[in-house]
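Structure first, commentary second.
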Amino acid sequence: MRTIPAGKVATYGQVALLAGNMRAARQVGAVLYGIREVEDDVPWQRVINASGGISTFKVGAGELQVALLRSEGVEVERTAAGPRVALRRWQWRPDLERFGPEPE
DNA sequence: CCTATGACCGTGA
DNA sequence: CTCACGGCCATAG
């Protein structure tokens with residue numbers, strides 16, 4: 001997760017894949033659940049679900065995540081279904097980094 | 001060993 | 001766009 005660049009986001013499944021098991025997305029979330037926000041120095045805020053939404057249920061954590069993402073340049077829009085990020089544009093694509101920004 | 005659970009995912013209606 | 005379903009697999013009990 002520390003390899004995810006600031007200003008980009010990754011999905012749980014994506015992280016799971018990078019970790020070796022594409023189908024262990026749930027475990028990724030389970031790990032994040034136990035993260036010590038400050039001390040562990042991992043950009044947990046860059047991990048969102050496959051729909052571009054925030055998955056945490058911890059009160060306040062969602063707001064914090066949105067704030068953190070915005071502070072690093074990621075656009076988070078407010079929809080009826082809650083905060084949402086356009087993966088089309090903000091998802092980290094390790095294999096495409098050298099091609100520059102994704103054009104919408 | 002067996003069941004229930006969950007910061008998930010993809011597909012199909 | 002929304003919703004339901006089935007699949008996943010490490011953990012906890």
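Chain letters run A, B, ... following the sequence lines, proteins first and then strands; every chain starts at 1. Values below: all heavy atoms of this structure, side chains included; hydrogens, waters and symmetry mates excluded.
When rounded to the nearest whole Å, the span between CG of A:Leu87 and P of B:dG10 equals 10 Å. If you take CD of A:Gln14 and P of B:dC9, they are 10 Å apart, rounded to a whole angstrom. Rounded to a whole Å, the OH atom of A:Tyr12 is 3 Å from the C1' atom of B:dA7.
Residue A:Arg84 is in sugar-phosphate contact alone, with no base atom involved, counting any heavy-atom pair closer than 4.0 Å across all strands shown. As judged by a 4.0 angstrom heavy-atom cut-off over every strand, A:Thr11 is placed among residues touching the sugar-phosphate backbone only.
Taking a 4.0 Å limit (strictly below) on heavy-atom distances, residues 68-82 of chain A does not reach DNA chain B anywhere. In the region residues 18-33 of chain A, proximity to DNA chain C at under 4.0 angstrom, judged on heavy atoms, holds for A:Asn21, A:Arg23, A:Arg26, A:Gln27.
Here A:Arg2 pairs with nothing under the salt bridge (Lys or Arg N to Asp or Glu O under 4.0 Å) rule; sequence neighbours left out. Residues satisfying the side-chain contact (heavy atoms from CB on, under 4.5 Å) test with A:Thr3, not counting sequence neighbours, are A:Trp92. Every residue two or more places apart in sequence or in another chain that forms a side-chain hydrogen bond (donor to acceptor under 3.5 Å, both in side chains) with A:Ser55 is listed here: A:Asn49. Here A:Gln65 pairs with nothing under the side-chain hydrogen bond (donor to acceptor under 3.5 Å, both in side chains) rule; sequence neighbours left out.
For residues 42-54 of chain A, the salt bridge (charged side-chain N to carboxylate O under 4.0 Å, His left out) pairs, not counting sequence neighbours, are A:Arg46-A:Glu72.
The hydrophobic cluster around A:Val9 extends to A:Ile48, A:Ile54, A:Val66, A:Leu69, A:Val74, A:Val76, A:Val85, A:Leu87, A:Trp90, counting ILVMFWY residues whose side-chain heavy atoms fall within less than 4.5 Å of a member.
Contact footprint of chain A on DNA chain C: nucleotides with an atom under 4.0 Å from a non-hydrogen protein atom, first to last in 5' to 3' order, C:dC1 to C:dA10.
A:Glu63 and A:Arg78 are joined by a salt bridge, as a carboxylate oxygen and a charged side-chain nitrogen come within less than 4.0 angstrom of each other.
Side-chain atoms of A:Arg93 come within 3.5 Å of backbone N or O of A:Gln91 as a donor-acceptor pair. For A:Thr79 (side chain) and A:Ala81 (main-chain N/O), a donor-acceptor pair under 3.5 Å exists by modelled atom type.
In this structure, A:Leu17 is not a member of the same hydrophobic cluster as A:Val47, with clusters built from ILVMFWY side-chain heavy atoms closer than 4.5 Å.
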N/O donor-acceptor pairs under 3.5 Å from side chains in residues 19-27 of chain A, not counting sequence neighbours:
unit_1	atom_1	unit_2	atom_2	d
A:Asn21	OD1	A:Arg23	N	3.0

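Between B:dA7 and C:dG13, the two C1' atoms lie 22 Å apart (nearest whole Å).
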